Number of protein chains: 2
Amino acid sequence: MSPNDRHPLTLRDVSEAAGVSEMTVSRVLRNKRDVSEGTRARVLEAARRLGYVPNRIAGALASQRVNLVAVIIPSMSNMVFPEVLTGISQVLDETGLQPVVGLTGYRPEKEERVLYEMLSWRPAGVIIAGLEHSEASRAMLAASGIPVVEIMDVDGTPVDSVVGISHRRAGRKMAQAIIRAGYRRIGFMGTKMPLDHRARKRFEGFTEALAKAGVEVADQEFYSGGSALAKGREMTAGMLARTPDLDFLYYSNDMIGAGGLLYLLEQGADIPGSIGLAGFNGVDLLEGLPRKLATMDACRLEIGRKAAGIIANHAAHPEAPREPVHIALEPRLSLGDTLRTP
Amino acid sequence: MSPNDRHPLTLRDVSEAAGVSEMTVSRVLRNKRDVSEGTRARVLEAARRLGYVPNRIAGALASQRVNLVAVIIPSMSNMVFPEVLTGISQVLDETGLQPVVGLTGYRPEKEERVLYEMLSWRPAGVIIAGLEHSEASRAMLAASGIPVVEIMDVDGTPVDSVVGISHRRAGRKMAQAIIRAGYRRIGFMGTKMPLDHRARKRFEGFTEALAKAGVEVADQEFYSGGSALAKGREMTAGMLARTPDLDFLYYSNDMIGAGGLLYLLEQGADIPGSIGLAGFNGVDLLEGLPRKLATMDACRLEIGRKAAGIIANHAAHPEAPREPVHIALEPRLSLGDTLRTP
DNA sequence: TACCACGGGGGAACCGTTTCCCATCTGGAT
DNA sequence: ATCCAGATGGGAAACGGTTCCCCCGTGGTA
């Protein structure tokens, strides 16, 4: 308010304005006891009038406590991570903790840099996607001394806590449902991302369960970049031209699955009679499609909420002994209208 | 590495291990001059061996410089803000600056709290969605003394810099295109969000331009919650049942527009002959639809990149005089297959 | 009256860096 | 031999809070 642009306000400025010591101002602003109602009101009024905003950097240094939670994820460009973030925010909002997001672009070196950067702020906890990290990253996480929650995936050895689903199992479950429904000539479409370990694990679980039933993937194709919906369309057209006798198409995500579904509907395909389809993720976009695509829910919101809960819990009870928490959520299969019942 | 869990490592630990002073370690780690190659190597080696991660809190306090950029947006749940964030990250990644995201849920009080929280970390800049803020928020922004970029919208008075499009103009442009194409009985569907000022401005611009042509919106409906694609479907069905003679439907976002499009295609409607459609945003999802929905690109990625660029520029030249930058991007109309040419 | 507990508030040290300035050493010029 | 510049490195004082401990005054109690 007062055009005192000399230098950002400090506790001292407020204390002088209120006629008390800096200590008292600090106590008032942190809602500590040992201050009378009168002084408290005076201090609050002075702080408000001056437009004082405390300096958390100094506060954090002195108290050795930081209200930041590092969240490290590969990307924002598909719907999955934003939804995880929404879950994290929902829970953290109630606790005074603040998420800080870092993006790795699925690149381990980038992940390492981002992690280093984040840890240098001494956050209250780390939420990081995946279980696959560079040696150095794992070392940093382990040495940080703060709670770490690896999310999305449970197939592997976590550094500390973990919240996710088993993608291998998700792949298997889908394969089993497909086999049970009587499909045998199965095609697979997915992203061309060697570093997307979760997609890989789903595919592995999928082929493994097919093998158990004596079935092999009859055709497969991988894409990268571009609009997923359009890619699903193109790839489906291409694959069916190449391998016309397919009776099922498994897509590694709902978006390309939806593209394939729209394409097949236009072609007048008999779904799920002569050809079935399934995707993965359970995005709510599917609700509005002409037919509901079979899919498997990845529990994204819940993963975010649970992970944030673990960090929040540690932050609330700093002295409590640290037990790693391992939560494996169960992806729910939804048959939709594109996977016939046996 | 060494199981020295006593207490997080400090410069002192590294300096002792390397046999130099803390100052020298600090210089090495910040790539400053005045250190011989030999010492530099020894220090680096010691830091690596110990697994030292600098404490930026202390660093920031001492140097009065912070590499964080506050990004304050309403939500992550539609594709628009994640894409803006992607743009911001792309640019900030090159500069050593780190975005910190805060979510407001379109609520001014929440925005105020989040902003306060963010400013208390003394970030290098603030990127905040929209031009409408509470009195207190505007005061905080103005008093903060750091570069502020308001994004998405240019219809209003910015606190400092601004990057966005004119939503009013976007609405007008779309209305003009519709009128020019000869449509006259126009229905509107949008979100029921009194606090989504940008949607409101688009609608205002839209009706204003229609009025100029002597046309009024013949029917309108607002929704909230749920899957946008499904809502678009339902609302379209409902509206056409209620007002069967509509010859155009304008949707406030592409998702509900896509729902409406899918519905009408199923009904075998003659698009764009007897009924036209248009959405807003230019999401790349539209590429894969059976017909391409007419839409208007909101330049989301570019907004993020430009806004981040302004902050990065200020951070790189701290002493340069601060000129507010005003950038109005031009949304591109794309006729797709659902808006006939005149 | 002496004592003590307690409410209310202040002072000093410290958190781990960076900034600023000074000390030392070397080698070449004088 | 002396002087000085440049290279290299160290020391002390911030930075703006919080923690910990102490002080003062008051009022009830023995």
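Bear in mind that the values here come from a model prediction, so they are computed numbers and not experimental data. Below, chain A is the first sequence line, B the second, and so on; all start at residue 1.
Remark: B/S89 engages no residue in a side chain to side chain donor-acceptor pair (under 3.5 Å) (not counting sequence neighbours). Residues satisfying the salt bridge (charged side-chain N to carboxylate O under 4.0 Å, His left out) criterion with B/K32, sequence neighbours excluded, are absent altogether. Among residues two or more places apart in sequence or in another chain, the side-chain contact (heavy atoms from CB on, under 4.5 Å) test is passed with A/V20 by A/A18, A/T24, A/V25, A/T39, A/R42, A/V43. By the side-chain contact (heavy atoms from CB on, under 4.5 Å) test, A/E45 pairs with A/R48, A/R49, sequence neighbours left out. Shown here are the side-chain contact (heavy atoms from CB on, under 4.5 Å) partners of B/V325, two or more places apart in sequence or in another chain: B/S161, B/I310, B/I327. Checked against salt bridge (charged side-chain N to carboxylate O under 4.0 Å, His left out), B/R122 has no partners two or more places apart in sequence or in another chain. With sequence neighbours excluded, no residue forms a side chain to side chain donor-acceptor pair (under 3.5 Å) with B/S15.
Rounded to whole Å, the distance from CD on A/E22 to C1' on C/dA12 is 11 Å.
DNA chain D lies under 4.0 Å from at least one heavy atom of each of the following residues of residues 28-45 of chain B: B/D34, B/V35, B/S36, B/T39.
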Encoded 5' to 3' (Watson-Crick or G-U under 3.5 Å; [ ] crossing; | other strand), DNA chain D becomes ||||||||||||||||||||||||||||||

What donor-acceptor contacts under 3.5 angstrom involve side-chain atoms of residues 65-76 of chain B, with partners at least two apart or in another chain?
{"from": "B/N67", "atom 1": "ND2", "to": "A/E117", "atom 2": "OE2", "distance (Å)": "2.6"}
{"from": "B/N67", "atom 1": "ND2", "to": "B/G96", "atom 2": "O", "distance (Å)": "3.2"}
{"from": "B/S75", "atom 1": "OG", "to": "B/S77", "atom 2": "N", "distance (Å)": "3.0"}
{"from": "B/S75", "atom 1": "OG", "to": "B/S77", "atom 2": "OG", "distance (Å)": "3.2"}

Enumerate, atom names and distances included, each donor-acceptor pair closer than 3.5 Å involving a side-chain atom of residues 129-150 of chain A, sequence neighbours excluded.
{"from": "A/E132", "atom 1": "OE2", "to": "A/K201", "atom 2": "NZ", "distance (Å)": "2.9"}
{"from": "A/H133", "atom 1": "ND1", "to": "A/E111", "atom 2": "OE1", "distance (Å)": "3.4"}
{"from": "A/H133", "atom 1": "ND1", "to": "A/E111", "atom 2": "OE2", "distance (Å)": "2.7"}
{"from": "A/H133", "atom 1": "NE2", "to": "A/G130", "atom 2": "O", "distance (Å)": "3.0"}
{"from": "A/H133", "atom 1": "NE2", "to": "A/E150", "atom 2": "OE2", "distance (Å)": "2.8"}
{"from": "A/S134", "atom 1": "OG", "to": "A/E112", "atom 2": "OE1", "distance (Å)": "2.7"}
{"from": "A/S134", "atom 1": "OG", "to": "A/S137", "atom 2": "N", "distance (Å)": "3.0"}
{"from": "A/S134", "atom 1": "OG", "to": "A/S137", "atom 2": "OG", "distance (Å)": "3.0"}
{"from": "A/R138", "atom 1": "NH1", "to": "A/T157", "atom 2": "O", "distance (Å)": "3.4"}
{"from": "A/S144", "atom 1": "OG", "to": "A/L141", "atom 2": "O", "distance (Å)": "2.8"}
{"from": "A/S144", "atom 1": "OG", "to": "A/I146", "atom 2": "N", "distance (Å)": "3.3"}
{"from": "A/E150", "atom 1": "OE1", "to": "A/V159", "atom 2": "N", "distance (Å)": "2.6"}

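Using a 4.0 Å cutoff to heavy atoms of chain B, the contacted part of DNA chain D runs 5' to 3' from D/dT8 to D/dG16.
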